[in-house]
Structures are given as structure tokens and as C-alpha cells.
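Encoded as C-alpha cells, the structure appears first; notes follow it.
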Amino acid sequence: MIEKTLSIIKPDGVSKNLIGDIIKRIEGQGLKVKAMKMIHMSKEQAKDFYAVHDGKPFFESVTDFMSSGPCVVMILEGGDVIKKYRDLMGATNFEDAEEGTIRREFATNIEKNVVHGSDAPETAAFEIGYFFNALEIVG
Ligand code: ATP
Ligand code: MG
């Protein structure tokens, strides 16, 4: 089934000059970039984005991190794209991630893990609407 997902190259990925490498991997899987922009989230915007994690021990720290510098946000489209992109990213904790995944190769620790990807169709719909309006999405 053709579906969409929201991808973020997090501030550590941008500062490590990994934008091109990550897009190359996405396109290499046959996935299509349908929208893309660079943003720098405020602390409040990062807290709204990660609201599902409000109350967890890492919430303050991860929202500081996500608002610490620019991110690249993208909408990706393809068959089974939510799972395919999560497979490309690897596990949240890079030490558990498969060899060859983005997080395994480039993450610094469990928090600074380079990329985000939606985890289900409902979260993808919320996250896409959080960052993009209809005029910014091609097709
Ligand atoms: P993402 O939502 O960013 O794609 P994920 O779905 O693999 O990552 P989540 O459980 O949703 O993982 O956690 C969101 C983000 O919060 C993680 O990607 C990571 O940056 C941070 N995080 C998660 N768990 C921890 C932790 N135990 N300690 C520090 N940071 C964490
Ligand atoms: Mg998540």
C-alpha cells in the first residue's frame, strides 16, 4: 500500500553534514521525497511535536536537543514506507541497531540518534500536518 511518513534529519545529523548521505539512502530504497524544508524548532514546538513523551525522564533533554539547531523535515512516500524508513534508520538505541543502518553508523548516543521517522499511519498523519500545509506537498 502506498503511504506517507514524516522524516526528520535531527540537529546532530545536520551539524555532521549528513543531509546528502541520508537522502541518498532514502532514494536508494526507491522512496520518494514529496516535501522538504529546513526548520529550527523552538523549545515549545519541540515539546508539542514530542508530546507523546511528556512526563518521561528524557522529555526535557530530548526537546532541548531537538530545538538546539536546524533540522530537515521531509515527507516520504512509497509502498510500506513507514516500516521501510524505520528499517533504514535502525533501533532507537544505536547499540541495538542493525549494521548498515543510519543510527548504527552515525548516532552519538540514544538521544542524538540522527533521524526521526513516524511509527504508524496515525502518527504520520499528525506529524505531516504539524510541519506542512497542503501547498507544500507535491502531487
Ligand atoms: P523517533 O520518534 O525520534 O523516530 P523512536 O521512535 O525510535 O525515535 P521514541 O521512543 O519515539 O524512539 O523516542 C523519541 C526520541 O527520544 C528518540 O529518538 C531519542 O532521540 C529520544 N530518546 C528515546 N529514549 C531515550 C532515552 N532512554 N534516553 C534519552 N533519549 C531518549
Ligand atoms: Mg518515536
Side-chain angles (χ1 to χ4, degrees):
M1 192 184 73
I2 300 291
E3 57 185 13
K4 289 185 172 69
T5 196
L6 191 279
S7 155
I8 303 179
I9 304 176
K10 296 182 180 184
D12 58 329
V14 172
S15 68
K16 288 180 180 173
N17 280 355
L18 293 172
I19 297 170
D21 187 305
I22 291 166
I23 293 173
K24 192 172 178 67
R25 289 165 189 247
I26 289 167
E27 292 186 324
Q29 290 294 307
L31 305 175
K32 294 290 182 193
V33 178
K34 302 297 279 188
M36 173 163 61
K37 63 187 170 187
M38 184 172 259
I39 58 162
H40 187 157
M41 273 185 268
S42 67
K43 172 79 173 175
E44 282 308 309
Q45 288 167 335
K47 285 169 80 170
D48 285 345
F49 174 68
Y50 270 143
V52 291
H53 297 303
D54 196 354
K56 293 185 187 165
F58 59 84
F59 183 66
E60 274 307 311
S61 179
V62 77
T63 52
D64 278 345
F65 163 55
M66 291 299 283
S67 57
S68 68
C71 292
V72 173
V73 289
M74 292 179 276
I75 300 172
L76 310 180
E77 187 179 84
D80 208 15
V81 68
I82 294 173
K83 181 179 187 304
K84 275 190 188 159
Y85 181 58
R86 299 265 310 177
D87 288 349
L88 207 57
M89 295 197 304
T92 309
N93 185 358
F94 77 104
E95 289 170 330
D96 302 329
E98 301 274 339
E99 288 296 334
T101 59
I102 295 167
R103 285 169 167 172
R104 181 76 192 204
E105 288 195 28
F106 302 121
T108 305
N109 53 40
I110 191 170
E111 178 181 271
K112 294 183 175 56
N113 59 5
V114 190
V115 278
H116 161 82
S118 311
D119 58 13
E122 306 75 49
T123 48
F126 164 75
E127 292 173 1
I128 286 169
Y130 189 69
F131 290 113
F132 292 96
N133 65 49
L135 280 175
E136 296 173 309
I137 308 171
V138 300

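Only this structure's heavy atoms are used, side chains among them; waters, hydrogens and symmetry mates stay out. Read the numbers this way: they start at 1 and go in the same order the structure lists the ligands and their atoms.
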Heavy-atom nearest neighbour in the protein, as seen from [atom], with distance rounded to 0.1 Å:
atom	answer
atom 20 (O) of ligand 1	E111 O, 2.8 Å
atom 24 (N) of ligand 1	F58 CE2, 3.5 Å
atom 12 (O) of ligand 1	T92 OG1, 3.3 Å
atom 19 (C) of ligand 1	I110 O, 3.4 Å
atom 13 (O) of ligand 1	H53 NE2, 3.5 Å
atom 1 (P) of ligand 1	H116 ND1, 3.0 Å

By number and element, which atoms of ligand 1 are closer than 4.0 Å to a non-hydrogen atom of [X]?
X	result
G117	4 (O)
N113	17 (C), 18 (O), 19 (C), 20 (O)
R103	1 (P), 3 (O), 4 (O), 7 (O), 8 (O), 18 (O)
V62	16 (O), 20 (O), 21 (C)

Which is closest to atom 15 (C) of ligand 1 in terms of heavy atoms, Y50, F65, F59?
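It is Y50 that holds the nearest heavy atom.
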Among K10, R86, M66, which residue places a heavy atom closest to atom 6 (O) of ligand 1?
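Nearest heavy atom to atom 6 (O) of ligand 1 lies in R86.
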Anything under 30° is parallel, anything over 60° is perpendicular, the rest tilted; go ahead and classify H116 against F49.
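The rings of H116 and F49 stand perpendicular, inter-plane angle above 60°.
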Do K37 and F132 meet the cation-pi criteria used here (NZ or CZ under 6.0 Å from the six-membered ring centre, within 45° of the axis)?
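Output yes; distance and angle both within limits.
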Report yes or no: is the cationic atom of K112 (NZ for Lys, CZ for Arg) closer than 6.0 Å to the six-membered ring centre of F65, at no more than 45° off its axis?
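Relative to the ring axis of F65, which defines the angle, K112 lies inside both limits.
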Answer side chain, backbone, both or neither: which part of K112 comes under 4.0 Å from ligand 1, heavy atoms only.
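For K112, no heavy atom sits under 4.0 Å from ligand 1.
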Pick from V14, L18, V115: which one makes a side-chain contact (heavy atoms from CB on, under 4.5 Å) with V72?
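It is V14, the one option of V14, L18, V115 that forms the side-chain contact (heavy atoms from CB on, under 4.5 Å) with V72.
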Check E127 with K4, please: is the shortest side-chain N to carboxylate O separation under 4.0 Å?
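No, K4 and E127 are not salt-bridged.
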Sidechain N-carboxylate O distance under 4.0 Å for E77, K32:
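Salt bridge flag = no for K32 with E77.
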Does atom CD of E98 have more than 12 heavy-atom neighbours, drawn from other residues, nucleotides or ligands, at distances under 6.0 Å?
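At most 12 heavy atoms, drawn from other residues, nucleotides or ligands, come within 6.0 Å of this atom.
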Taking the side chain as every heavy atom from C-beta outward, state whether V114 and I22 have any atom pair closer than 4.5 Å.
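Result yes, sub-4.5 Å side-chain heavy-atom pair found.
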Quick check: do D87 and Q29 have side-chain heavy atoms less than 4.5 Å from each other?
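Counting from C-beta outward, D87 and Q29 never come under 4.5 Å.
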